[in-house]
Each structure stands twice: as C-alpha cells, then as structure tokens.
Amino acid sequence: MPKVVIARDGDTLCGIAMDQGFLNCDPLRADPANSAFLTRALKASDAVTVPDLTTKTTPTATTKIHTFLKKNAPPVSIRFVHGSQNKHYLDDSTVTTLNVSNYETDSGGLQGDKQFPGGFGFDKRGDDDVDTFKVEVVDPSAGGTITVLLEALRPILKPDGSIDHHDTFAGVADLADRQLPALECKQVASGNVAFRSRYLRVVVDDIDLVSGHVMAVKDMVDTGDPLVEILDQNVRATYTVKACSAAANKCQVSVIAELDRGLKMDLAVRVMRATPTGIVETTVGGAGDDGIVKLADMQKRIQKWVRRCWAQAHIRPNIVTLQTMDLPSDMFTISDATGLPAKGNSPGTATPGVIGFTISVQRFGKSPDTVHPVAPITVPAGSTPSQTANLIKQQIDALPGLSATSSPNSPEHGDPDGSCDLMIRDAAAGRITIINVTADASQDEDQNIAAVALTMTVNFRNGANDYHVGHPEQRTLVKALDTPGDVVLDIQVVDVVPGVRGFTVPERKSFHADRQPVSGVKNSIIMEKLSADSSTTNPFSLPHEIGHILTDEGLHSRVTTELMTGSGTDATSSGVTDSKRILEHVPAAINWDIQVQNPNGSVGSAGARVNATNQVNVTSAHLLH
C-alpha cells in the first residue's frame, strides 16, 4: 500500500521517487495526494505520498551471472566544493561558507601574479586562492555539459535588524550582476556521474565583474536600500534534474552557502558645522543636519565603500553614533612639544611666571551667556605640566557651572615628561572660548601655556617621534569627542586636514607604553570634507584610514593595489587594479613599511611582509564583535 515520506530541506519529488525505487517523479506526480507539490518546490515537513512499486520479473538462466544497472544511482545532488588535486571528487570536502575575494578579479596564484584559470578541472592558479569555489552536480542521467543557476540571495530582516529569511533579488535593476544564470558544469570524466564548474569568485563591486567566473554580492545603497548588508547574503546554486519528465515545474536540487558573516567594528561619526548653534543633531535630514557634509552623505560612504572594502576581510561597519555638531570648545595645553617643568621665572627676569585668562561661555539662548575673568596665578618652579594643569583646574572648578579635566599626554622622544591638556566643560553644554591669556613674556620661561581654538581646518603632527601625541588642534578635537572605552573608532569630519585626505592615530600596542597615544587620542580619525561628501571622489580614503586602526600601523603598503597603499588611494573607483585589496595571504616579498621601536625609545621604520587580514585579526580582536 502507499506510504508517506516526510520531506527534508532540499528534497525533490524526483529525489524521493528515486530513493523509493522509481526512475523519476512521474508516479508521485500522478498521485492526487501530491497535487499541492506540482507547482512549488518541496519544503521541510511536507508529507509526500509514495505509491506502490510495480514489480517486473525477468526470466534468466540460473547458471550464468547477470548484471543489472540501477539507472537512478547515485541520487541527484548538488554542492559547493573547492576542489583538490589529489582527492577523488567524492572525497572532496563540502564548502558551506563562502568568502568575498581578496584578489584582482583575473589574478591567479597565491601571489596574484598569474592569470586566473578559465578551464575546468584542477589548476593550481585557482586552487591557491582559498576563497575560490566550484559547483558540483551529481546526475547519473546527464552527460557532457550541464548548466546551473548561481545567484545571490537577499537577507530579509526582522524589525530588530536580525535576519528573518532570504529571498531572491528579483526585480532589482542590477539583477544580472547578482546571477550566473547558465553556469556551465562539465563532466569530470567520460562516463562519470559528476559535473563541476570552473573556479568561481564572489565580488562586491560591479567593476570587478570582468569575466564569467565572478558573481556580485554587493550592497544596495545606490538603489535606496542601505540595510542590505553584504555579509548577510547567501549564495544558492540550483540544478534542474535532467531525468524529470514533468512538463512544467520540473524537479530541482539546490544548495545554499552563507557568506562568512564576519564581525562588526563600531564607528562613531561626528560631522562638524562651521557656525556654532549649540545643537547636536542625531537625525539624518533633521533641522540641525547642517554640517560640513550631510549626515546621509557620510552614512552612504560607510554603507557603500567601507562595507565593500572590509567585506573581503570579513568585517562589517556598525554605526553607533551619527551626529552633526559644533566644533569643540577651546582647551589649554601646557608644555606642548617639550614636556618641560616650570623654571620658576618669566623669560629674562627673576619674576615668577604667571598665568591668567578669561573664559567666555555662549549658551545659545538656553540660559544667559557668561564671562569669567581669572586673575593671574603664579606657576611654582618645578611644576610638571600635569601639576600646572591642576592649578588651573582649581581656578576653573571654582567658577559657577564650569569644570575642567586634566588630560596628560605621553612624552615625545627626548622630552622629560609629557605635555598636558586641560578640557573645560559647562554644565549647561555651553560653548567655551578662552581669551585674554597672559602673554608669553609674563609666563614661565620654560613652560608655555596656550589656549587652543579650533577652526574647520585642523592641523596634525605625524613625525615618527611625536605621532602618538599629535598637534594641539588634533587633540582638542579628538579628546573632546572621544567615545569612552577606546573600542569604538571615532571619526570626526572637518573642512580641511592640510596635505592629506584624512589622518588617523591607532593604538601602537607593540610600542613602549610612553610611545603609545593616550586614551582619547588612540583609535581616532579626522576626515577631510572632500573624502566624506556626496561626491564619488576618494571612495577608498575612509576605508584606508580605518585600516590604520585595524592593522594598528601608522605607515603603509608599498603596493598600489592594496587598500593601505602609501601612494594615495585612487581618487575614483574605476577598475580591478584600484587600491582596495586587503591581502589574506603572506606575500612573497616585502610589501609594507612598518613603524618599529628603536632601543633608545625613538621610532623608526622597517620593511615587512604583511598579511593584512591576519594582522587585523591578531591585533584588533578587541575592536571586533
């Protein structure tokens, strides 16, 4: 009598029929109990009715050996593989997770210095790239070359942002980039039941779609759906069973592989406005979204170019803060670039040096503006920068509504001590300006105290021995806007960073403690407007600056196609040789200049072979989640 088989994921009517001894699914399709499955694929838990087999008797002589061929064995199947030079195809491992390619599209071999293979079968030039894959179909009824549909699947999200399920990209304008609709799979050998495709790669940019062995798994920022994450996509291969004789809705076998979901890096983005208003705008397009660039433009830079570049290293950006705001208030810096203690006298005199100033607070109508003169105070001889900062702090803390925070810096090479900054805060979030600072001629001869005021042009210092301390303007910006904890990458956007498109300070964890930047300075990025606006120029600049933090390296790659090139990333996205690759193998030759700690405490440089993806995983695990 008929029996019922409960379908599992990937089952087909033909597959169940063959498992039960039929040649194809015709008998199952003819059974009225299975009518619901004639127009759709099977789903897990579907109850499929299997009719009784009709037996056939073949009279033969009992004194001879007779060979009978099972026409439906092995069962039709499909899977992803990498391939092997030495293993029989059945012994190859199944690939369940795919990865975005790190190579120039047509480059083959481990070092990317050979042509990528275009033929079927094993080829070391394709095998060396661990991220290549093939589609394998087993079908005993097929021969020669068959075709498979390879396609990216779109993540459909729940309200909380987690993945609910996946669907096709049907209806999108660039669907052709996201499919290989007739992927050829060639019989591995004459008379064999297995068929395999050429070596394949997935890429994140349509510019890299230069041949038939690549398919795109890209974002949808340009088409209005920025929530489609590259690393949340799946890839599906589907084969229509040759032996299925149904007129329509033929049986198909399919396999799905996830992209490596990777890890997140948290980004805090703050865009500066030229004219202060006292507003901190957190809504894209809100009334206070009037910064040097629009929040939507900066968001798009991240969701498109940062996503695309860092997907090849299994990392996705996660924006935790997005704001437009005023430039930070003025601050004091004591003994900048010298770290000197107070000498005890003003220049050329025996009179003790003094420091006085006036603090003006602008509150934008929320409460009255105020002005607070501070009479000159004597700076005792021998006072370190931190001690002097605390003397000034006492004066500020005594003013109504104001408080100050001392922020010492690490010493620069050769300095006796580190300089010290003094950040000032108004309880009502007013903007603070420091004026009437005592002239240098009346200050201490050795220990200068200066007020630092920001404009939309922010200067930096990056000499090897002062890079970890930086310029007072740089510190004023990044210390004031730091996200506590040093595990969020802080990005501040201004009009101009003279001479560069952006400037970054990583942690420099391999250096002596006094050659490392302090909390508030480390893991900070200052981006120039031209690398953050709505144009398509400098697409790799922000990903490049992020790379300084993730690799924990202040210097650069010597290779122009690498994202961390020292030659300047390409001004446009124009070809497969763009400066956007992140190596995931050890190069054969020196490819980076890196900073090194000299025995005397100074900082030098050396050549190195850098596997950038591995370096990120080793040095920045605490920044990824």
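In what follows, every heavy atom counts, from backbone to side chain, and hydrogens, waters and symmetry copies are set aside.
- For the residue pair His468 and Glu507, no side-chain donor N or O sits within less than 3.5 Å of a side-chain acceptor on the partner.
- Defined by atom type and a distance below 3.5 Å, a donor-acceptor pair is missing between the side-chain atoms of Asp421 and Ser407.
- Residue Ile334 holds its CD1 atom at 12.0 Å from CD of Gln387, rounded to the nearest 0.5 Å.
- There is no side-chain donor-acceptor pair under 3.5 Å between Arg581 and Asn102.
- When only modelled atom types and interatomic distance are considered, Asp486 and Ser519 share a side-chain donor-acceptor pair under 3.5 Å.
- To the nearest 0.5 angstrom, Lys522 atom NZ is 12.5 Å from Asp490 atom CG.
- Nearest approach of Pro380 to Ser383, heavy atoms of both residues: O-OG, 2.8 Å.
- Between the side chains of Ser605 and Gln595, no donor-acceptor pair of N or O atoms lies under 3.5 Å.
- In summary, Lys580 and Asp570 do not engage in a salt bridge, as defined by a charged side-chain N under 4.0 Å from a carboxylate O.
- For the residue pair His372 and Thr370, a side-chain donor N or O sits within less than 3.5 Å of a side-chain acceptor on the partner.
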Only distances under 3.5 Å count here; give the side-chain donor-acceptor pairs of residues 292-300 to other protein atoms, sequence neighbours excluded, each with its distance to 0.1 Å.
residue: Lys294; atom: NZ; partner: Asp289; partner atom: O; Å: 2.9
residue: Lys300; atom: NZ; partner: Asp222; partner atom: OD1; Å: 3.4

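- Look at Lys509 and Asp552 and you find a salt bridge, because one of the NZ, NE, NH1 or NH2 atoms lies within 4.0 Å of a carboxylate O, short of that distance.
- With contacts defined as side-chain heavy-atom distances shorter than 4.5 Å, the pair Val269/Ile302 qualifies.
- The nearest pair of heavy atoms linking Pro341 to Asp444 is O-OD2, 4.3 Å.
- For the pair Asn465 (side chain) and His413 (backbone), a donor-acceptor distance under 3.5 Å is absent.
- Here the rule is side-chain contact (heavy atoms from CB on, under 4.5 Å) with Leu550, and of Pro506, Ser620, Pro543 only Ser620 fits it.
- One N or O on the side chain of Arg515 and one on the backbone of Pro411 form a donor-acceptor pair closer than 3.5 Å.
- Using modelled atom types, one finds no donor on one side chain facing an acceptor on the other under 3.5 Å when comparing Gln474 with Asn459.
- Contact check on Asp533 versus Lys529 returns no salt bridge, with no Lys/Arg side-chain nitrogen under 4.0 Å from an Asp/Glu carboxylate oxygen.
- Using a cut-off of 4.0 Å between Lys/Arg side-chain N and Asp/Glu carboxylate O, Asp232 and Arg154 are scored as not salt-bridged.
- When atom types are taken as modelled, the side chain of Glu584 and the backbone of Thr613 share no donor-acceptor pair closer than 3.5 angstrom.
- Using a 4.0 Å cut-off between charged nitrogen and carboxylate oxygen, Lys264 and Glu229 do not count as a salt-bridge pair.
- Taking the six-membered ring where the residue is Trp, the centroids of Tyr467 and Phe503 are separated by under 6.0 Å.
- Ionic pairing of Arg273 and Asp290 is present here: one or more N-O contacts between side-chain nitrogen and carboxylate oxygen are shorter than 4.0 angstrom.
- Ring geometry, His556 versus His548: the interplanar angle exceeds 60°, so the pair is classed perpendicular (tilted spans 30 to 60°).
- Under 3.5 Å, the side chains of Thr537 and Ser535 contain a donor-acceptor pair of N or O atoms.
- A donor atom on one side chain and an acceptor atom on the other are found under 3.5 Å apart for Arg501 and Thr569.
- Across all their heavy atoms, Cys420 and Ser406 have their closest contact at SG-OG, 3.2 Å.
- Contact between Asp219 and Arg307 at its shortest, heavy atoms only, is CB-NH1, 4.1 Å.
- Distance check, rounded to the nearest 0.5 Å: CZ of Arg475 to OG of Ser524 gives 11.5 Å.
- Of all the heavy atoms in Ala342 and Gln447, the pair that sits closest is N-NE2, 3.4 Å.
- Side-chain contact, Ser557 with Glu562: a donor N or O sits under 3.5 Å from an acceptor N or O.
- Closest non-hydrogen pair, Thr277 versus Asp326, comes out as N-OD1, 3.0 Å.
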